S.K.: 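A single structure is presented below for examination.
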2 protein chains.
Amino acid sequence: MTEAAVHRSLPPRASSGPAETRRALLAAAGAVFAERGFREATVRDICDRAGANVAAVNYHFGDKERLYLEVLRQAMAEMNARYPFDGGLPRGAPAEVRLHAFVHSLLSRLFDNGEHAWLGRLMAREMIDPSNALEVMMTDRIRPMAEHLGEIIRELLPAAVDEDTVWLTGFSIVSQCLFYNHCRSVVSRLRTDLPLDHSAVERLADHITSLSLRGIRGLAKTPLSRRVSRTKPFGAVARRR
Amino acid sequence: MTEAAVHRSLPPRASSGPAETRRALLAAAGAVFAERGFREATVRDICDRAGANVAAVNYHFGDKERLYLEVLRQAMAEMNARYPFDGGLPRGAPAEVRLHAFVHSLLSRLFDNGEHAWLGRLMAREMIDPSNALEVMMTDRIRPMAEHLGEIIRELLPAAVDEDTVWLTGFSIVSQCLFYNHCRSVVSRLRTDLPLDHSAVERLADHITSLSLRGIRGLAKTPLSRRVSRTKPFGAVARRR
DNA sequence: TGACATGTCAAACAAATGTTTGAAACAGTG
DNA sequence: CACTGTTTCAAACATTTGTTTGACATGTCA
């Protein structure tokens with residue numbers, strides 16, 4: 001029995017007590033891990049922000065790494081529920097509309113400024129410095145997202161197109177969204193007047209979707225024109241020119 | 001006598017000596033900084049790999065941070081010279097061709113596997129965790145690159161188009177390239193058969209360039225169709241729907 | 001050769017950090 | 001109240017890490 005007041009019907013939401021300590025630790029840890037990265041984040045900093053003792057992390061979570069994984073799991077679950085990549089659209093909607101909803105949902109998530117706003121930064125860190133947490137991200141979010149986007153793209157392309165092209169097209173679309181997450185610091189240094197928050201989502205989603213749709217439609221009509229002869233399928237050994 | 005010929009006119013490129021120590025430290029530091037990040041990289045690790053004493057970093061560079069900045073400066077200079085973003089093309093070449101050269105050059109740089117292959121990773125780190133080094137990157141490479149790409153895009157778009165659109169289009173193009181740098185770990189987990197080295201450059205450059213060109217050309221013809229009414233210029237306050 | 005500047009090295013230092021510990025505070029139960 | 005299990009806390013511990021230090025080696029040059 002980890003909690004003292006189980007026999008009461010009220011949840012222990014007082015401003016102190018074990019459950020509150022746990023919650024405060026998770027909240028503080030998310031911010032600190034995203035701000036500083038796993039290694040550079042210190043449990044002392046986390047505990048200070050949570051108003052808890054240094055030993056609290058080890059008592060409640062075992063060690064720093066298990067706290068990290070728990071933080072990630074909770075934030076992923078909440079953000080996945082808040083931003084479904086179908087944007088709440090039915091599967092029968094036109095592919096163009098579903099693509100726009102996908103892009104809009106992804107951008108909204110990246111520009112979220114709520115409790116878990118730090119998740120984007122934390123995920124960017126994991127992609128550069130993969131740890132066990134990246135596998136959680138892959139199965140919980142990235143693989144399902146890729147699956148969903150692949151369906152949309154296949155609907156927009158002729159059936160004859162190969163899988164490589166579907167993937168490359170998906171990467172092209174996702175990359176345009178993630179750019180504002182991974183390169184936020186660069187964008188704000190290049191264009192200081194460009195707001196990198198939810199107020200930019202509509203404009204960016206429209207831009208990315210329309211540019212990509214035209215790119216895809218053209219691809220459907222003209223299957224790589226003359227360039228197809230210069231390219232090799234992946235897996236083939238390419239020689240330097 | 002570790003090196004016999006310092007007093008001669010020959011540069012001290014023997015396998016030991018002060019200059020060689022410096023060189024070995026720079027080489028080792030680049031790899032370690034990119035692998036582990038500035039903070040997590042240890043001078044002991046760097047010195048071990050360089051075959052030097054722990055005190056060598058402080059003796060030759062003052063402190064860890066000045067070593068870091070020196071590493072970055074040297075690698076940037078070498079990579080900037082090796083991969084000019086105009087791809088060696090004259091300014092008079094058609095914009096479509098120059099765009100392809102730009103994308104090809106950027107991808108080649110990201111997939112470089114030479115002495116400074118680690119620079120891409122180090123830059124990705126800086127974008128997530130900006131330090132003084134990011135300013136060096138901005139002035140040495142990113143701002144000139146943005147300038148160059150802007151010229152190409154303006155040539156491809158009607159003169160009447162606003163600057164915001166030029167920037168967004170540039171971001172769309174660059175993002176598709178950087179994706180394979182920042183999200184390399186994710187891509188390789190999604191498609192294990194996709195080679196993320198120079199053998200993929202041709203294919204990726206063709207894909208990104210053609211998709212983007214169609215997107216741009218469509219933008220030139222149809223200026224955002226009905227969607228233009230839903231978007232606001234940056235700087236205007238956007239309301240939630 | 002002998003003084004001198006330059007590099008190199010092992011050892012030590014001080015600060016930071018994840019974790020442990022033992023005591024104290026607390027709450028619930030008989 | 002006494003007893004028990006849970007939670008908190010200050011202090012301590014063991015490592016790691018950037019940097020310093022003083023001795024020693026090396027090459028230069030008068």
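Protein chains get the first letters and strands the later ones, always in sequence-line order, with residue 1 at the start of each. These numbers were taken from a predicted model, which means no experiment stands behind them.
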S.K.: If I take atom CD in residue Glu40(A) and atom P in nucleotide dG18(C), what distance separates them, rounded to the nearest angstrom?
M.R.: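 Distance, rounded to whole Å: 11 Å.
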S.K.: With a 4.5 Å cut-off on side-chain heavy atoms, are Tyr68(B) and Asp63(B) touching?
M.R.: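 The answer is no; the side chains never approach within 4.5 Å.
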S.K.: Salt bridge or not for Asp45(A) and Arg49(A), using N-O below 4.0 Å?
M.R.: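 Yes, this pair counts.
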S.K.: Just the rounded figure in Å: distance from P of dT19(C) to CG of Leu25(A).
M.R.: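 Result: 13 Å.
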S.K.: Could you pick out which residue, Tyr59(A) or Arg39(A), lies toward the 5' side of DNA chain D when each is mapped onto its nearest nucleotide?
M.R.: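 Upstream on the strand: Tyr59(A).
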S.K.: Do Arg109(A) and Asp112(A) meet the salt-bridge criterion of a basic N to acidic O distance under 4.0 Å?
M.R.: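 Looking at Arg109(A) together with Asp112(A), the answer is no, because their closest N to O distance does not fall below 4.0 Å.
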S.K.: Can a salt bridge be assigned to the pair Glu147(A) and Arg143(A) using a cut-off of 4.0 Å between side-chain N and carboxylate O?
M.R.: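 Not counted as a salt bridge, because no side-chain N and carboxylate O are separated by less than 4.0 Å.
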S.K.: Could you tell me how far apart Asp63(A) (CG) and dT15(D) (C1') are, to the nearest whole angstrom?
M.R.: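 One finds 16 Å between C1' of dT15(D) and CG of Asp63(A), rounded.
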S.K.: May I have the distance from Lys64(B) (atom NZ) to dT17(D) (atom C1'), rounded to whole angstrom?
M.R.: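 About 8 Å, once rounded to whole Å.
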S.K.: Using the side-chain heavy atoms of Arg44(B), tell me which of these nucleotides is nearest: dA10(C), dT20(C), dT19(D).
M.R.: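 That would be dT19(D).
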S.K.: Does His60(B) make a side-chain N or O approach to OP1 or OP2 of dT8(C) shorter than 4.0 Å?
M.R.: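 So the side-chain polar atoms of His60(B) do come within 4.0 Å of the phosphate oxygens OP1 or OP2 of dT8(C), strictly under.
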S.K.: For Asp45(B) and dT15(D), give me the distance from atom CG to atom P, rounded to whole Å.
M.R.: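 One finds 20 Å between P of dT15(D) and CG of Asp45(B), rounded.
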S.K.: Please work out which residues in residues 65-72 of chain B have a non-hydrogen atom less than 4.0 Å from an atom of DNA chain D and list them by number.
M.R.: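 Going residue by residue through residues 65-72 of chain B, none turns out to have a heavy atom under 4.0 Å of DNA chain D.
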S.K.: In whole Å, what is the span from the CZ atom of Arg22(B) to the P atom of dT8(C)?
M.R.: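 Atom-to-atom, Arg22(B) to dT8(C), this comes out as 12 Å.
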S.K.: Any idea which of dT19(C), dT20(D), dG18(C) is nearest the Asn58(A) side chain?
M.R.: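 Closest nucleotide among those given: dT19(C).
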S.K.: Can we say Glu163(A) and Arg191(B) salt-bridge, meaning some charged N sits less than 4.0 Å from an Asp/Glu carboxylate O?
M.R.: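 A salt bridge is absent here (no side-chain N lies under 4.0 Å from a carboxylate O).
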S.K.: What's the CG-P distance between Asn53(B) and dT20(D), to the nearest Å?
M.R.: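 Going from Asn53(B) (CG) to dT20(D) (P), I get 14 Å.
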S.K.: Donor-acceptor pairs under 3.5 Å, side chain of residues 69-76 of chain B to any protein atom, not counting sequence neighbours: which ones?
M.R.:
residue  : atom : partner  : partner atom : Å
Glu70(B) : OE2  : Gln74(B) : NE2          : 3.3

S.K.: Taking only side-chain N and O atoms of Thr21(B), does any of them lie within less than 4.0 angstrom of OP1 or OP2 on dT8(C)?
M.R.: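 It does, given that an N or O in the side chain of Thr21(B) lies less than 4.0 Å from OP1 or OP2 of dT8(C).
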S.K.: Please report, rounded to the nearest Å, how far the P atom of dT17(D) is from the CZ atom of Phe33(B).
M.R.: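 Nearest whole value for this atom pair: 13 Å.
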S.K.: Taking the basic N atoms (NZ, or NE/NH1/NH2) and the acidic carboxylate oxygens, is any pair closer than 4.0 Å for Asp129(B) and Arg121(A)?
M.R.: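 So Asp129(B) pairs with Arg121(A) through a salt bridge.
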